[in-house]
Amino acid sequence: MKTRILLIERSPIIASGFANLLQSGTTFEVVAVADSLDRIAERIIVAKPDVIVVNPSLIDNSKRQSFRVIFQEQPSTPIVALVSAYFDGQWLKNFNGIIEINDDIGKIENTLNHVLQTTSGHTESAELYELSDREREVLIELSKGQTSKEIAEKLHISVHTVITHRKNIVRKTGIKSAAGLAVYAMLNNLIEP
């Protein structure tokens, strides 16, 4: 059985070239191609990819802080950058692997195999992203723009406890900004858009 890949690439030439290269082998297959991140959660549910390969230029600066939230439907699925232009090395460290536009099929397959081997035993999966009931309550109030003090009063807990819950939410989601947390809450149906 081939490893399933969801490819997110704007350029039809690059997308078809990448898919055709992988089609020549026996290990990987591109099961779906998207040209943007719009409605990507639905595509992930339908495609059920083993690996997501994405052009990092599709993730604009405002989404970089919380880009993993976009792929929250399968949090343990490795995400590989398909790089066709220069990107800051710090930004690319957020991906599980990097494929460059000039890589040959052997190097691409090696990169994908390495990513799959190093992430298959990855224990960070759903449990890391699972928020407790209280963390969800705090997240909902944060999304409404409430301060730690206001949240503490509403939930009848101390401000220090709210701060601890906030730290846990940031650790589990990887999102630090209030706006990013609000997006996370909307994507997970915790609040209405």
Is any side-chain heavy atom of [Y] closer than 4.5 Å to one of [X]?
{"X": "Ile99", "Y": "Phe18", "value": "yes"}
{"X": "Leu6", "Y": "Ile8", "value": "yes"}
{"X": "Val31", "Y": "Lys48", "value": "no"}
{"X": "Phe95", "Y": "Val115", "value": "no"}
{"X": "Val162", "Y": "Glu141", "value": "no"}
{"X": "Leu58", "Y": "Ser36", "value": "no"}
{"X": "Leu82", "Y": "Leu7", "value": "yes"}
{"X": "Asn55", "Y": "Arg10", "value": "no"}

Counting only N and O atoms by type, is there a donor-acceptor contact under 3.5 Å from the side chain of [X] to the main-chain atoms of [Y]?
{"X": "Asp103", "Y": "Glu100", "answer": "yes"}
{"X": "Arg4", "Y": "Ala47", "answer": "yes"}
{"X": "Glu9", "Y": "Ser11", "answer": "yes"}

So, taking the atom named [atom1] in [X] and the one named [atom2] in [Y], what distance separates them when rounded to the nearest 0.5 Å?
{"X": "Lys154", "Y": "Lys144", "atom1": "NZ", "atom2": "NZ", "result": "4.0 Å"}
{"X": "Glu137", "Y": "Leu190", "atom1": "CD", "atom2": "CG", "result": "11.0 Å"}
{"X": "Thr118", "Y": "Leu116", "atom1": "OG1", "atom2": "CG", "result": "8.0 Å"}
{"X": "Leu112", "Y": "Thr27", "atom1": "CG", "atom2": "OG1", "result": "9.5 Å"}
{"X": "Thr77", "Y": "Asp50", "atom1": "OG1", "atom2": "CG", "result": "7.5 Å"}
{"X": "Ile59", "Y": "Ile79", "atom1": "CD1", "atom2": "CD1", "result": "7.5 Å"}

Count I, L, V, M, F, W, Y as connected when their side-chain heavy atoms are under 4.5 Å apart, and connections chain through other members. Are [X] and [Y] then in the same cluster?
{"X": "Ile163", "Y": "Ile140", "value": "no"}
{"X": "Val170", "Y": "Ile151", "value": "no"}
{"X": "Val53", "Y": "Val46", "value": "no"}
{"X": "Val159", "Y": "Ile157", "value": "no"}

Looking at every heavy atom in both [X] and [Y], which two are closest together, and how far apart are they?
{"X": "Ala85", "Y": "Val83", "answer": "O-CG1, 2.9 Å"}
{"X": "Ser148", "Y": "Arg166", "answer": "OG-NH1, 2.9 Å"}
{"X": "Ile191", "Y": "Ser143", "answer": "CD1-CB, 3.6 Å"}

Practice item. Can you run down the side-chain hydrogen bond (donor to acceptor under 3.5 Å, both in side chains) pairs that involve residues 104-113, sequence neighbours left out, and say none if there aren't any? Key: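 Non-adjacent pairs meeting side-chain hydrogen bond (donor to acceptor under 3.5 Å, both in side chains): zero.
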Point to revise | Candidate pair Lys2 and Leu22, rule side chain to side chain contact (heavy atoms under 4.5 Å, CB included), full reasoning | key: CA-CA 10 Å; Lys2 291 187 175 186; Leu22 289 180; over 6 Å; no
Check your understanding: Which residues satisfy the side-chain contact (heavy atoms from CB on, under 4.5 Å) test with Ile101, sequence neighbours excluded?
Key ->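 Expected list: Ile14, Ser84.
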